[in-house]
Amino acid sequence: MDTNTFRRLGHELIDWIAAYRERMETLPVMSQSMPGEIAKKLPKEPPMHGIGLEGIAETLDKVVMPGITHWNHPNFFAYFPSNSDYSSVLADLVTAGLGAQGMSWQTSPAATEIEEVVMDWLRQMLGLSTNFSGVIQDTASTATLCALLCARERTTEFCQNKGGLQAEVAPLTVYASDQAHSSIPKGALLAGFGREHLRLLPTDNDHALRIDLLEAAIQADIQEGRRPCAMIAAIGTTATTAIDPLEKMAELAAKYNIWLHVDAAMAGSAMVCPEYRWMWAGVEKADSIVLNPHKWMGTGFDLTAYFVKDVQHLIRVMGTNPSYLRTTHDAEVNNFRDWGIPLGRRFRSLKLWFLILEYGVEAIQTRIRRDISLASWLATQIDTAPNWQRLAPCPLQTVSLRHVPPNISGDENALSKHNQAIADTLNASGRHYITTSVLKDQKIIRVSIASMPTQMRHVEALWEALQNISLSVFPLPKP
Ligand SMILES: *Cc1c(COP(=O)(O)O)cnc(C)c1O
């Protein structure tokens, strides 16, 4: 592609993105596409000769847009958000335009040094002490895998340099609640702990980890000759944003010499507001922390922040030092390739830098507070409306609810179908997008309020729609 074509098409696509964002609210939030529908629009074989990108905007409209769920839509209340502020769109454009590899300091000093500075800004924004150093990773799943690998290597005094886990005489165990994100069992399995040594403990009435069960599990494992290795505290679980008792977990971690990893993937962004930091009181005692600015803070996917206390340990576990990567400045600089799993690294820090430059800390705080207060408004509506039930505390921006019509109130199976029908009907309308989850055998509707353009009127409209639909799919046929 020649430069003039790039310039012309580039401007065209920026205009296309801006027009898309402007009309987003008029589009159905959840894609109504059926399986295979999008793939069918493409030829089965690649073109042998380039056809160029002329008319690519119309092709995007025709081929791609019907298969897009609009994650930045003001009526996106599903899962957790994946906000992608304009500042990130521009940053990603610059990242791709530079096309630089940031695996080592020397391969682009700016990529390393801007990452160091903005991760230190982020550390300050979260109220973390200088005991923590941060690095950007692709996702929380990867960061949690890193944490578990570091835990494994600490407990085994670097089994990877000997016979690995396969040569260990006593098995290592990992602890979390049964509400832990799927990335935790996945990470534990990938790190070789084995499912039999993963303790996913039942939770309390607020869906948080029970410290008594944790200590009992640790003691039982020790008694039976196993070695407790890692525990994961969820600050904001995915189903209901439940908050594990971090301070008490930290005491047990210290007492039994267990690695403490904090998974604050969603809730971590709220820690920019000092008044929410009670949620992770004890965090200073953690060995590692993960949060996803690509969820709530506004940086486009993917940008995960991984903070660790012992950088040297991380580098010892992750580092490689082949002759072809050595440079003269290695002793004075950070080579971030040694702070995680992949060798190659995109210039991701631009997104976080641009976001903070655009808004400043105060505006980010204001938006987080707005989302939490919108969720608290909705929680109040649920609490005061007849036949609606809230199934979990609402400390953040997620409301867990269900509709309980009196004639089926004792029938879990019917309630589950009824609430799934409410969600399906709402989503099919295209006006809103919510998701469901199962909590202690009860189907819940999850309303996550954290899309950047969401305002009060959108949450009010959602509540009205939920009520209307609950009446239209109720009453169920009587037996
Ligand atoms: C979303 C989420 C994750 C996983 O995030 P990825 O970045 O997609 O891997 C992990 N833990 C919690 C609590 C989450 O909400």
Side-chain angles (χ1 to χ4, degrees), residues 69 71 76-84 88 122 126 134-149 174-191 198 200 203 206-209 230-246 249 260-271 276 279-280 283 286 288-307 340-342 346 348 351-352 368 371 375 392-400 435-437 439 444 446-451:
T69 290
W71 282 70
F76 184 94
F77 299 106
Y79 306 102
F80 279 148
S82 186
N83 284 303
S84 181
S88 285
L122 182 62
L126 299 167
V135 62
I136 296 174
Q137 303 220 353
D138 54 2
T139 60
S141 303
T142 307
T144 292
L145 175 59
C146 283
L148 287 165
L149 293 169
V174 176
Y175 308 84
S177 91
D178 63 9
Q179 293 297 306
H181 187 266
S182 59
S183 57
I184 285 142
K186 182 171 179 174
L189 299 191
L190 290 175
L198 176 61
L200 297 178
T203 52
D206 291 343
H207 318 292
L209 179 133
M231 62 170 80
I232 294 92
I235 303 302
T237 57
T238 310
T240 68
T241 68
I243 298 165
D244 287 347
L246 181 54
M249 291 175 78
L260 175 58
H261 177 58
V262 172
D263 178 3
M266 175 68 190
S269 293
M271 303 307 139
Y276 302 125
M279 293 182 197
W280 74 359
V283 71
S288 53
I289 307 165
V290 65
L291 66 137
N292 281 347
H294 69 224
K295 275 180 170 159
W296 197 359
M297 201 172 285
T299 54
F301 190 84
D302 47 354
L303 197 146
T304 286
Y306 182 52
F307 286 96
I341 294 169
R346 214 144 48 81
R348 284 199 188 88
K351 287 190 282 201
L352 189 52
I368 297 279
D371 293 342
C394 177
L396 289 161
Q397 45 54 256
T398 303
V399 190
S400 310
T435 41
T436 59
S437 179
L439 194 62
I444 58 166
R446 273 175 89 261
V447 176
S448 157
I449 302 171
S451 182

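Counting starts at 1 for both ligands and their atoms, following the listed order.
For atom 5 (O) of ligand 1, the closest heavy atom belonging to the protein is N292 ND2, 3.4 Å. The nearest protein atom to atom 11 (N) of ligand 1, hydrogens excluded, is given as D263 OD2, 2.7 Å; this is a heavy-atom distance. Protein heavy atom nearest atom 4 (C) of ligand 1, with residue, atom name and distance: H181 CE1, 3.3 Å. Scanning the protein for heavy atoms near atom 9 (O) of ligand 1, the closest one is S141 OG, 2.5 Å. Nearest protein heavy-atom contact of atom 2 (C) of ligand 1 is K295 NZ, 2.3 Å.
At a heavy-atom distance under 4.0 Å, atoms from both the backbone and the side chain of A140 approach ligand 1. Counting heavy atoms closer than 4.0 Å to ligand 1, residue T139 contributes atoms from both its backbone and its side chain.
Heavy-atom proximity to G236, at under 4.0 Å, picks out these atoms of ligand 1: 13 (C). Counting the atoms of ligand 1 from 1 in the order shown, those under 4.0 Å from a heavy atom of F80 are 15 (O). Less than 4.0 angstrom separates some heavy atom of H294 from each of these atoms of ligand 1: 7 (O).
Between the side chain of D263 and the backbone N or O of A233 there is no donor-acceptor pair closer than 3.5 Å.
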Could you go through L126 and L291, starting from their C-alpha distance and side-chain angles, then the distance that decides it, and tell me whether this counts as side chain to side chain contact (heavy atoms under 4.5 Å, CB included)? CA-CA 10 Å; L126 299 167; L291 66 137; 3.7 Å; yes
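For the pair S183 and ligand 1, a heavy-atom separation below 4.0 Å is found.
By the 4.5 Å heavy-atom criterion applied to side chains, R346 and D302 are counted as neighbours. Counting heavy atoms from C-beta outward, M279 and P395 have side chains that approach closer than 4.5 Å.
Smallest separation of non-hydrogen atoms from S288 and Y306: CB-OH, 3.5 Å.
Here the options are I232, I184, L148, I289, the test is side-chain contact (heavy atoms from CB on, under 4.5 Å), and the partner is H261; only I232 passes. T304 pairs with exactly one of V135, I136, N292 by the side-chain contact (heavy atoms from CB on, under 4.5 Å) rule, that one being N292.
Within a 6.0 Å sphere centred on CZ of F301, heavy atoms belonging to other residues, nucleotides or ligands number more than 12.
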